[in-house]
Every structure is written in structure tokens, then in C-alpha cells.
Amino acid sequence: MSETPITEMGYEAARDELVDVVKVLEQGGLDLDASLALWERGELLATRCEEHLAGARKRVENALAHIAEEG
């Protein structure tokens, strides 16, 4: 897993690590504490991805509104 704080991760880095987390959880074999810790990290990574997507969506909406105003 990355040493970068989740709050500093870009979308691609957070998404890629989230994919890795899911793979490890799907493989199983971890004890309960390790599984829960990994699950919690996955939740934080998913939230970070959602934040990036919401920001991108807002920028697109703003750009489209600006184009509509000029039209």
C-alpha cells in the first residue's frame, strides 16, 4: 500500500490502490483485524475517488454553463 496520505492522492493513485485493496480482500487469508483495517482504508480510498469525481463533474458543469452563457 502507498505511503502517500489518502488526502494527498490523485484520482488515479487512489483508484489503483483501491483496486489492490479489493483484490487482497477477495483473496482472503487475513485475520479479522487486518481485514477490517484494509476495509477501512478501502472506504477512505473510495471516498477520495468520489471527491475527485465530484470536483471534475462540477468543473464540467461550470464549463457548460459558461458556454451556454456565451451562446
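The chain is numbered in sequence order, starting from 1. Because only heavy atoms are used, hydrogens play no part in the values below, and waters and symmetry mates are left out as well, while side chains stay in. This structure is a prediction, so every number in the text was calculated from the model and none was measured.
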Answer yes or no: is there a donor N or O on one side and an acceptor on the other, between the side chain of Arg48 and the main chain of Met9, under 3.5 Å?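 Confirmed, Arg48 side chain pairs with Met9 backbone.
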Is any side-chain heavy atom of Arg41 closer than 4.5 Å to one of Leu18?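 Leu18 vs Arg41: side chains apart.
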Are the side chains of His66 and Asn62 in contact, using a 4.5 Å heavy-atom criterion?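 When only atoms from C-beta onward are counted, His66 and Asn62 do not touch, as no gap falls below 4.5 Å.
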Qualifying residue for side-chain contact (heavy atoms from CB on, under 4.5 Å) with Val21, from Val19, Leu25, Val24: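 Checked Val19, Leu25, Val24 against Val21; only one passes side-chain contact (heavy atoms from CB on, under 4.5 Å): Leu25.
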Worked verdict on Glu40 versus Leu44 for side-chain contact (heavy atoms from CB on, under 4.5 Å): CA-CA 6 Å; Glu40 290 169 350; Leu44 294 172; 5.7 Å; no
So, taking the atom named CZ in Arg57 and the one named NE2 in His52, what distance separates them when rounded to the nearest 0.5 Å?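 Interatomic distance, Arg57 CZ to His52 NE2, rounded to 0.5 Å: 13.5 Å.
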How far does CG of Asp20 sit from CG of Leu38, to the nearest 0.5 angstrom?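 Result: 9.5 Å between the selected atoms.
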Do the side chains of Trp39 and Leu30 join up, straight or via other hydrophobic residues, at under 4.5 Å, putting them in one cluster?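 The answer is yes; both residues are in one hydrophobic cluster.
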